[in-house]
Amino acid sequence: MLHIQNTLSGKKELFTPIHPGKVNMYVCGMTVYDFCHIGHARVLVVFDVITRYLRKIYGSENVTYVRNITDIDDKIIARAIENGEDINSLTNRFIEAMHEDADALGVKRPDIEPRATEHMDEILKMIQTLIDKGMAYQGDNGDVYYQVSKFETYGQLAKKNLDDLQSGSRVEVEQSKRDPMDFVLWKMAKPDEPSWDSPWGEGRPGWHIECSAMSVSCLGDHFDIHGGGLDLKFPHHENEIAQSEGCTGHKFVNYWIHNGFVRVDDEKMSKSLGNFFIIRDVLKSYAPEVIRYFILNSHYMSPLNYSDENLDKAKASLTTLYQSLLNIDVSDMNDSLIEDSDYAQRFFKAMDDDFNTPMAISVLFDMSHELNRLKEKDDEQAKALGFQLKKLAELLGLLENDAQQFLQGSTSEGGLSDDEINDLIEQRAAAKQEKNWSECDRIRDVLDAEDILLEDTPEGTRWRRK
RNA sequence: GUACAGGUAGCCGAGUGGUCUAAGGCAUCUGGUUGCAACCCAGAAUUUUCGCAGGUUCAAAUCCUGUCCUGUAUUCCA
């Protein structure tokens with residue numbers, strides 16, 4: 001039985017879908033004005049795993065995963081002007097880059113990927129409804145605002161009360177607002193800014209209303225799970241609730257899931273500190289699966305500290321798992337996962353407990369050790385266990401590569417080619433025949449200097465990259 | 001200031017009242033294996049300890065109170 005830590009209640013709750021057997025989930029995706037960084041990677045991977053597990057429980061076709069794209073907002077406009085680039089060209093460029101990064105990380109595409117600019121009708125309709133209901137108003141400057149005081153339960157998600165918010169407010173209050181807490185639904189266009197027609201004048205939507213409109217449009221006005229980064233909890237998600245429930249008068253989302261932040265060397269990741277890591281740069285030094293493992297080795301809610309040391313550890317751990325899968329050929333296996341095995345049961349129990357991926361990974365290690373023991377004794381059993389290991393790991397998007405391929409890495413960056421390595425290994429085998437140990441060790445040292453590690457086995461010598 | 005997250009052994013990281021003599025990983029050590037290594041297997045140590053100080057309890061990393069620290073939000077941010 002799946003339990004989820006629900007930000008709305010602050011408790012771990014049994015997950016019960018609104019429509020039995022079907023799950024609808026919406027996650028706030030990227031604002032596409034730059035390359036995705038390692039924090040985005042966490043959102044992508046975490047909700048990919050959540051989706052994989054939901055699909056496992058409810059069946060792939062019964063889970064609808066929506067992850068939106070924000071393709072119109074202040075930062076996009078600013079960047080486009082800065083680049084002297086057309087907005088569409090900018091957003092399309094970064095959407096493509098995001099897809100490349102996500103694909104590299106083994107993140108499966110969501111079922112629906114709505115773009116804000118393609119849901120303008122729903123946005124306008126929602127704003128109009130809010131105005132009609134007296135929950136929104138047009139200010140002197142033409143901007144349309146949501147009147148927070150009209151929504152009684154405002155602050156329910158972030159567990160804030162309005163008094164605290166106001167006293168702590170450091171923002172300069174926009175003159176046209178009736179109350180500092182009110183937020184913008186529709187912004188009047190400045191000259192040369194992209195704009196859409198509306199009953200209130202040419203303009204563009206505020207950020208929060210975009211997500212309300214896209215989620216309701218894709219999943220209906222009441223759905224199961226809404227996710228995103230912790231920082232979106234307030235005000236973004238709070239405002240979504242206010243907008244959506246303000247329109248419909250009933251519950252918007254049952255379960256809210258927020259993932260924790262990524263830090264870098266125990267500091268905030270920011271451009272000013274120069275410790276800003278984008279996914280494609282990290283991929284130059286580490287295999288995508290290493291990043292994935294690094295992310296999943298902590299619970300999605302804990303703070304995650306990015307450092308080379310921690311990525312190296314992730315790589316070492318993955319190497320251990322892949323070593324056990326070497327020479328286990330499961331390509332001809334098409335059985336299903338044996339769901340009532342002890343290992344599977346433990347794995348599911350971990351995942352059922354609010355997607356406890358670190359615990360689930362520990363089960364993979366137990367299987368891996370057992371697999372190493374079995375390989376000595378019983379090939380058929382080893383193969384069966386290896387298959388089970390891969391099937392469980394697949395739910396995390398791990399161990400999906402060929403073991404040898406993972407261990408030997410890519411040959412692209414200078415260094416020795418596979419053929420050159422194999423030549424040297426053959427020379428060493430010949431020296432070995434003659435018990436010429438100094439020559440053997442010399443060759444091994446040559447390879448070691450190229451970060452190639454040798455492992456002698458009864459079946460011959462195999463190698464991997466450090 | 002207020003709110004919300006966190007603070008667990010060398011490091012990473014699970015664990016929310018007894019099975020914790022704290023999972024799993026990484027690093028370290030010993031033995032087996034090996035020409036020597038690596039990989040693998042078997043085992044060990046790092047800790048009478050879970051930010052700190054009190055308290056509740058027969059029993060606490062786990063509950064309560066206080067306190068310190070870090071991060072986030074309150075302003076765009078995954």
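Within every chain, numbering begins at 1; the chains are lettered A, B, ... in the order of the sequence lines, protein sequences first and strands thereafter.
For A:Leu232, the listed nucleotide lying nearest its side chain is B:rA78; candidates were B:rG25, B:rG6, B:rA78. Closest contact between the side chain of A:Glu455 and the listed nucleotides B:rA38, B:rA78, B:rC36 involves B:rA38. Residue A:Met359 places its side chain closer to B:rA14 than to any other of B:rG35, B:rA14, B:rC39. When distances are taken from the side chain of A:Phe365 to each of B:rG24, B:rU72, B:rA14, the shortest belongs to B:rG24. For A:Lys160, the listed nucleotide lying nearest its side chain is B:rA3; candidates were B:rC26, B:rA78, B:rA3. Checking B:rG35, B:rA38, B:rC26 against the side-chain heavy atoms of A:Lys313 singles out B:rC26 as nearest. Listed nucleotides B:rG15, B:rC40, B:rA14 differ in distance to A:Thr320; the shortest reach to its side chain belongs to B:rC40. Between B:rA3, B:rG25, B:rC40, one nucleotide has an atom nearer to the side chain of A:Lys159 than all others, and that is B:rA3. The side chain of A:Val43 has B:rA78 as its nearest neighbour among B:rA78, B:rG35, B:rU74.
Among the heavy atoms of the strands lying under 4.0 Å from A:Cys440 is at least one base atom, whether or not backbone atoms are also near. Looking at heavy-atom distances under 4.0 Å, A:Gly39 makes contact with a base. Using a 4.0 Å heavy-atom cutoff across all strands shown, A:Arg442 reaches no nucleic acid atom at all. Here A:Gly10 lies out of heavy-atom contact (under 4.0 Å) with every strand. Residue contacts shown for A:Glu376 are absent, as no nucleic acid heavy atom lies under 4.0 Å away. Among the heavy atoms of the strands lying under 4.0 Å from A:Arg373 are primed sugar atoms or P, OP1, OP2 only; no base atom is included. No engagement by A:Leu453 is indicated, since no non-hydrogen atom pair under 4.0 Å with the nucleic acid exists. Among the atoms of the strands shown, none is found under 4.0 Å from any heavy atom of A:Lys375. Among the heavy atoms of the strands, none lies under 4.0 Å from A:Ser324. If you check every strand for non-hydrogen atoms under 4.0 Å, A:Thr7 touches nothing. Within the 4.0 angstrom heavy-atom criterion, base atoms lie near A:Asp456.
Here A:Ser362 does not reach the OP1 or OP2 of B:rG13: none of its side-chain N or O atoms lies under 4.0 Å away. The side chain of A:His369 contributes an N or O atom lying less than 4.0 Å from OP1 or OP2 of B:rC41. Checking the phosphate oxygens (OP1, OP2) of B:rC41, a side-chain nitrogen or oxygen of A:Asn372 falls inside 4.0 Å. Using a 4.0 Å cut-off, some side-chain N or O of A:Ser302 falls inside it from OP1 or OP2 of B:rA14. Considering only side-chain N and O atoms, A:Arg263 lies nowhere under 4.0 angstrom from the phosphate OP1 or OP2 of B:rU70.
Between A:Ile38 and A:Ile278, the closest side-chain pair of non-hydrogen atoms is not below 4.5 Å. Using a 4.5 Å heavy-atom threshold, the side chains of A:Met367 and A:Leu392 count as touching.
In this structure, A:Asp74 atom CG and B:rU75 atom C1' are separated by 12 Å, rounded to whole Å. The nearest whole Å value for the distance from the CG atom in A:Leu304 to the C1' atom in B:rG7 is 16 Å. Summarising the geometry, the separation between NE2 on A:His299 and P on B:rU16 is reported as 11 Å, rounded to the nearest angstrom. Whole-Å rounding puts the A:Ile443 CD1 to B:rA37 P distance at 19 Å. Between the CG atom of A:Asn6 and the P atom of B:rA5 there is a distance of 12 Å, rounded to whole Å. Straight-line distance from the CD atom of A:Glu238 to the P atom of B:rU74: 12 Å, rounded to whole Å. We find that CH2 of A:Trp256 is positioned 14 Å from C1' of B:rA78, with the value rounded to whole Å. Going from atom CG of A:Leu157 over to atom P of B:rA5 covers 11 Å, rounded to whole Å.
For A:Asp312 and A:Tyr286, the side-chain atoms include at least one donor-acceptor pair closer than 3.5 Å. Side-chain contact check for A:Gln5 and A:Asp354: no donor-acceptor pair (N or O, by modelled atom type) lies under 3.5 Å.
In this structure, the side chain of A:Asp378 does not engage the main chain of A:Leu374 through any donor-acceptor pair within 3.5 Å.
Checking A:Asp312 against A:Asn356, the closest nucleotide of RNA chain B that is more toward the 5' end is the one next to A:Asn356. Taking for each of A:Phe294 and A:Val363 the nucleotide of RNA chain B with the nearest heavy atom, the 5'-most of the two is the partner of A:Phe294.
Pairing for B:rA38 is absent, with no Watson-Crick or G-U wobble pair whose two atom distances lie under 3.5 Å. Across every strand in view, B:rA22 sits unpaired, with no contact that passes the Watson-Crick or G-U test at under 3.5 angstrom. Pairing partner, B:rA5: B:rU70, with both Watson-Crick or wobble hydrogen-bond distances short of 3.5 Å. Under the Watson-Crick and G-U wobble criteria, each requiring two contacts below 3.5 Å, nucleotide B:rU49 is left unpaired. With a 3.5 Å ceiling on both atom-pair distances, B:rA61 lacks any Watson-Crick or G-U wobble partner.
For A:Asp103, the CG atom counts as densely surrounded, since its 6.0 Å shell holds more than 12 non-hydrogen atoms of other residues, nucleotides or ligands. Heavy atoms from other residues, nucleotides or ligands lying under 6.0 Å from NZ of A:Lys56 number more than 12.
A gap of 23 Å separates the C1' atoms of B:rG35 and B:rC29, to the nearest Å. Between B:rA61 and B:rG55, the distance separating the two P atoms is 15 Å to the nearest Å. With P as the reference atom, B:rG66 and B:rU2 are 12 Å apart, rounded to whole Å. Nucleotides B:rC40 and B:rU33 place their C1' atoms 8 Å apart, quoted to the nearest Å. Separating the C1' atom of B:rG13 from that of B:rC50 is a span of 13 Å, rounded to the nearest Å. Distance noted for atom C1' between B:rC4 and B:rA42: 47 Å (whole Å). Here the separation of B:rA23 from B:rA14, taken at their C1' atoms, is 6 Å to the nearest Å.
Both stacking criteria are satisfied for A:Trp437 over the base of B:rG35: a centre-to-centre distance under 5.5 angstrom and an angle between ring planes under 30 degrees.
Close placement of the A:Phe223 and A:Phe252 rings is indicated, their centers lying within 6.0 Å of each other. Ring centroid separation for the pair A:His37 and A:Phe277 does not come in under the 6.0 Å cut-off.
For A:Arg444 against B:rA37, a side-chain-to-base donor-acceptor contact under 3.5 Å is present.
Rounding to the nearest 0.5 Å places CG of A:Leu157 at 6.5 Å from NZ of A:Lys233.
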